[in-house]
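This report concerns only the one structure given below.
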Amino acid sequence: MEKIRTRFAPSPTGYLHIGGARTALFNWLYTRHHDGEFILRIEDTDQQRSTDESTKAILDAMTWLGLNWDEGPYFQAHRVELHREMVQKLINEGKAYYCTCSPEELEEKRKQALATGKKPKYDGTCRDKNLKKTPGSVVRFRGEQSGVTIVEDIIKGNVIFNNEELDDLIIERGDGYPTYNFAVVIDDALMNITHVIRGDDHVNNTPRQILMYQALGFDVPKFAHVPMILGSDKTRLSKRHGATSVMAYKEMGFLPEALVNYLVRLGWAHGDQEIFSQKDLIDLFDLDAVGKSPAVFNPEKLLWLNAHYIKEASTERLKEEMKPLWPTGINTDDADFTRKVIADLQPRAKTLTELASMANFYFTDEIKYEEQAAKKFLTTDVSPHLRALVETISTVQNFSKEDIEIFLINFTKEKNIKFKIIAQPLRVALTGKTVSPGIDEVMTTLGKERVCRRIQNAINYIETQN
RNA sequence: GGUCCCAUCGUCUAGUGGUUAGGACGCUGGCCUCUCACGCCGGAAACCGGGGUUCAAGUCCCCGUGGGACUACCA
């Protein structure tokens, strides 16, 4: 059997968005599963809108997601000579023709057709005029006017189109550049793409593309059109629905494996399994399990997955991932300390940025007490306990979680008080908040010195308040 | 308007003619507990409607309805 070759072909007119990322992911997984080749091609034939920044942004996002490609990136604009040759070939064979209808005329006709309830397709004005190339003229593909074209789609099954519904679309623009529908056919054919996996929004283009494959004498690849990703209002996912840029998720503190795991489950499932490692996915993914219906993007579930992967990640890895995310003013030079901080917060953070903000209190002894917390827990009746704590805590030789726990238990026994009595005051003294990781965890991470200093500060604070 | 696609809890989905319709997120009750989170146990929550086919339909067919995509000298 011939080697499977797939491609991802974004246009560099913006960042890589969620929908594009899932398309890329499906291509990549299908290819890796079948031990094929994954090609990256940048569709930059729109000279007006394509930018190098976008290309770079897309490549960065692909890399971040771990979607490595075996060939490319190829740039479609570099291949225009090839496209023009093919256009010429079609013209020579009478399968394409020059057209001099102006965009304005066309627009006018379209409006009229729509107004009178007719289909707004090209009316064939220049179809049989046998015109020559003139400045500004375009080239149209001479489509079949009768019969049917069947798209054999791996996901959707056979989709049948009446050829009369298809109009003669432009394959070369006035500026001499090919249009998408033509360039994509030429490139996919010449790059020996065996499986075209792309968004649902392309199905209506597919019959016309098939006609072009046939006109050019190329083999028609297999198609798989994956359903759209929708926003909460069930319309196509867009900026209105929130962040749609892949890299925005990186900046918001998401782990790539969380996003990958989330995206793959939009339209694909493997029984009841929710958590998939990259290896799982390569082993299990196939197109036959991809569903037909569109999926609504659900940030809550993505958050849950992210929390899961943060818990799973090694602290060392997280320390690296956190580097660009620490707020300014936080000094993470003490690698050992930073690691401990992360370890404390790891099971509690849904995103890395959330982790960063939760970590604030670790890095400064100048604790800002939450107003309600201080009022409720930093009171005169607890200061004797806090005093006693500072005095005896030096007896803890090994400032480990275990020894601290033992110390605290003994302490409350001696004082004949419940742990609850000092837990919250102590927490507020150490963190400024009523919510934090366990007292023992916080204390061992902070270390004896900081702990003593902070308790002393709290005692002083109580005094100044009264 | 035309063409095409889609339809199981709020959301993501399992389900390939016979199930108490399963799982996950979220929501929620409880347990755990120094707070929170995690974790564990439990709960509410779905087959769009109508016709067929069949002994039997969420599953097959048709028609509605609803939603989406496309309808560019964008990709």
Side-chain angles (χ1 to χ4, degrees), chain A residues 9-13 43-46 48-50 76 99 101-103 106-107 110 113-121 136-140 151 153 155-156 159-162 165-167 169-181 183-184 198-207 225 227-228 230 232 234-236 262 265-275 291-305 307-308 311 345-350 358 373 377 405 408 412 418-428 431 433-440:
Chain A
S11 66
T13 54
E43 310 233 315
D44 55 350
T45 51
D46 185 342
Q48 311 300 320
R49 303 197 302 151
S50 299
Q76 201 159 52
C99 169
C101 297
S102 72
L106 259 18
E107 185 55 34
R110 214 189 328 275
L114 230 39
T116 55
K118 290 193 205 120
K119 55 189 70 171
K121 63 181 252 189
S137 66
V138 302
V139 179
R140 284 183 186 273
V151 178
D153 195 280
I155 293 170
K156 294 180 182 301
V159 185
I160 302 166
F161 292 85
N162 281 316
E165 298 295 340
L166 281 21
D167 56 354
L169 48 79
I170 293 171
I171 58 177
E172 189 178 282
R173 289 188 278 240
D175 65 4
Y177 278 86
T179 56
Y180 163 74
N181 277 294
V184 77
R198 72 214 325 185
D200 219 349
D201 47 340
H202 290 280
V203 272
N204 285 304
N205 288 327
T206 310
H225 288 97
M228 301 276 88
L230 274 24
S232 51
K234 307 249 183 154
T235 64
R236 190 180 175 149
Y262 179 71
R265 287 284 291 101
L266 251 31
W268 177 84
H270 184 259
D272 284 342
Q273 192 172 341
E274 293 288 349
I275 304 295
K292 297 178 175 186
S293 46
V296 174
F297 185 79
N298 179 214
E300 298 283 306
K301 189 159 181 179
L302 171 57
L303 226 33
W304 171 73
L305 278 163
H308 169 82
K311 283 186 205 84
L345 267 12
Q346 228 175 313
R348 295 173 164 78
K350 285 194 159 70
M358 289 193 299
F377 296 111
E405 198 182 340
L408 288 173
T412 52
K418 294 251 191 229
F419 182 53
K420 276 180 187 284
I421 301 294
I422 55 161
Q424 285 302 71
L426 193 49
R427 188 187 311 283
V428 175
T431 71
K433 301 184 289 187
T434 52
V435 172
S436 82
I439 298 281
D440 45 4

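In what follows, every chain begins at residue 1, and chains take the letters A, B, ... in the order their sequences are listed. Just so it is clear, the structure is predicted and the values come from calculations on it, not from any experiment.
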- Message: Given C5(B), U11(B), A37(B), identify the nucleotide with an atom nearest to the side chain of K156(A).
- Response: C5(B)
- Which value, in whole Å, describes the distance between the P atoms of nucleotides G58(B) and G18(B)? 10 Å
- Message: So Y262(A), base contact, sugar-phosphate only, or nothing? Heavy-atom distance under 4.0 Å.
- Response: nothing
- Under 4.0 Å between any heavy atoms, over every strand shown, what does V296(A) touch: base, sugar-phosphate, or nothing? Just pick one. sugar-phosphate
- Which base sits across from G1(B) as a Watson-Crick or G-U pair, both distances under 3.5 Å? U71(B)
- Message: What's the gap between A57(B) and A21(B) when it is taken at their C1' atoms, as a whole Å value?
- Response: 13 Å
- Scan every strand shown for a Watson-Crick or G-U wobble partner of G10(B), both distances under 3.5 Å, and answer none if you come up empty. C25(B)
- Item | Closest to side chain of S11(A), choosing from A75(B), C36(B), U13(B) | A75(B)
- Message: Could you check whether any side-chain N or O of R427(A) sits under 3.5 Å from a backbone N or O of P437(A), counting only pairs where one atom can act as donor and the other as acceptor?
- Response: yes
- Message: Looking at G64(B), which nucleotide sits across from it as a Watson-Crick or G-U wobble partner, both distances under 3.5 angstrom, or is there none?
- Response: C48(B)
- Query: Can you tell me how far C1' of C5(B) sits from NE2 of H225(A), to the nearest Å?
  - Reply: 11 Å
- T434(A) or W268(A), whichever maps to the more 5' nucleotide of RNA chain B: W268(A)
- Quick one: label N205(A) by what it contacts on the DNA or RNA (base, sugar-phosphate, nothing), any heavy atom closer than 4.0 Å. base
- Message: Using side-chain heavy atoms (C-beta onward) and a distance below 4.5 Å, is F161(A) in contact with N204(A)?
- Response: yes
- Note on the structure: Re U53(B): Watson-Crick or G-U wobble partner, both distances kept under 3.5 Å, found to be none
- Sub-4.5 Å side-chain heavy-atom contact between P294(A) and D200(A): no
- Query: Across the strands shown, which category fits P103(A) at heavy-atom distances under 4.0 angstrom: base, sugar-phosphate, nothing?
  - Reply: base
- Item | Integer angstrom distance from the P of G1(B) to that of C27(B) | 40 Å
- Query: What nucleic acid atoms does K311(A) come within less than 4.0 Å of, heavy atoms only: base, sugar-phosphate, or nothing?
  - Reply: sugar-phosphate
- Query: Which is true for D167(A) with a 4.0 Å heavy-atom rule: it touches a base, it touches only sugar-phosphate, or it touches nothing?
  - Reply: nothing
- Base-pairing assignment for U16(B) (Watson-Crick or G-U wobble, both under 3.5 Å): none
- Grab the NZ-P distance between K433(A) and C36(B) for me, whole Å please. 14 Å
- What does T45(A) touch in the nucleic acid at a heavy-atom separation under 4.0 angstrom: a base, only the sugar-phosphate, or nothing? sugar-phosphate
- Query: Looking only at atom P, what distance separates U8(B) and G15(B), rounded to whole Å?
  - Reply: 14 Å
- Query: Between C38(B) and A24(B), how far is it from one P atom to the other, in whole Å?
  - Reply: 15 Å
- Message: Can you tell me whether the side chain of R348(A) and the base of C36(B) have a donor-acceptor pair closer than 3.5 Å?
- Response: yes
- With the side chain defined as heavy atoms from C-beta on, A269(A) is closest, among U35(B), U13(B), A69(B), to U13(B)
- Task: For residues V184(A) and H202(A), determine if any side-chain heavy atom of one lies less than 4.5 Å from a side-chain heavy atom of the other.
- Result: no
- Query: Out of curiosity, T45(A) OG1 to Y177(A) OH, how far, rounded to the nearest 0.5 Å?
  - Reply: 9.0 Å
- Message: Does G267(A) reach a base, just sugar-phosphate, or nothing at all? Heavy atoms under 4.0 Å.
- Response: sugar-phosphate
- Message: For F297(A), is there any backbone N or O sitting under 3.5 Å from a side-chain donor or acceptor partner on Y262(A)?
- Response: no
- Task: For G26(B) and G39(B), measure between their P atoms and round to the nearest Å.
- Result: 9 Å
- Task: Considering just the side-chain nitrogens and oxygens of R110(A), establish if one lies under 4.0 Å of OP1 or OP2 belonging to A72(B).
- Result: yes
- Keeping the roles fixed (side chain from D44(A), backbone from Q76(A)), state whether a donor-acceptor pair exists under 3.5 Å. yes
- Message: What contact category does T235(A) fall into here, base, sugar-phosphate, or nothing, at under 4.0 angstrom with non-hydrogen atoms?
- Response: sugar-phosphate
- Message: Rounded to whole Å, how long is the line connecting atom CE of M228(A) with atom P of C12(B)?
- Response: 15 Å
- First of I160(A) and W304(A) reached from the 5' end of RNA chain B, by closest nucleotide: I160(A)
- Query: C31(B) pairs with which nucleotide, Watson-Crick or G-U wobble, both distances below 3.5 Å?
  - Reply: G39(B)
- Query: Hey, does the side chain of R236(A) come within less than 4.0 Å of C70(B)'s phosphate (OP1/OP2), counting only N and O?
  - Reply: yes
- With a 4.0 Å cut-off on heavy atoms, is P437(A) in touch with a base, just the backbone sugar-phosphate, or nothing at all? base
- NE2 of H202(A) versus C1' of A72(B): gap in Å, rounded? 14 Å
- Note on the structure: From the candidates G22(B), A75(B), C6(B), the one with an atom nearest any side-chain atom of D272(A) is G22(B)
- Among A69(B), C34(B), U11(B), which nucleotide sits nearest the side chain of K234(A)? U11(B)
- Task: Could you check which of G68(B), U35(B), C12(B) has an atom nearest any side-chain atom of R265(A)?
- Result: C12(B)
- Item | Pairwise side-chain contact, I439(A) with L408(A), heavy-atom cut-off 4.5 Å (strictly under) | yes
- Message: Measure CG/D200(A) against P/C6(B) and give the value in whole Å, please.
- Response: 8 Å
- Message: Quick check on C12(B): is either OP1 or OP2 less than 4.0 Å from any side-chain nitrogen or oxygen of K301(A)?
- Response: no
- Message: By nearest atom, which of the nucleotides A75(B), U11(B), U3(B) is closest to the N181(A) side chain?
- Response: A75(B)
- Between G30(B) and G68(B) - C1' atom distance, rounded Å: 42 Å
- Side-chain atoms of K420(A) come closest, of U71(B), A69(B), U35(B), to U35(B)
- Distance, rounded to the nearest Å, where E274(A) contributes CD and A24(B) contributes C1': 4 Å
- Query: Just how far, in rounded Å, is P of U13(B) from CG of L266(A)?
  - Reply: 6 Å
- May I ask you to test the T206(A)-D153(A) pair for a side-chain heavy-atom distance under 4.5 Å? no
- Message: By nearest atom, which of the nucleotides C70(B), C6(B), U13(B) is closest to the S293(A) side chain?
- Response: C6(B)
- For atom CG of L305(A) and atom P of C38(B), their distance in whole Å: 14 Å
- Query: Which of the following nucleotides, C70(B), C34(B), U71(B), is nearest to the side chain of D440(A)?
  - Reply: C34(B)
- If the C1' atom of A7(B) is compared with that of A46(B), how far apart are they to the nearest Å? 12 Å
- K156(A) atom NZ, neighbour heavy-atom count above 12 within 6.0 Å: yes
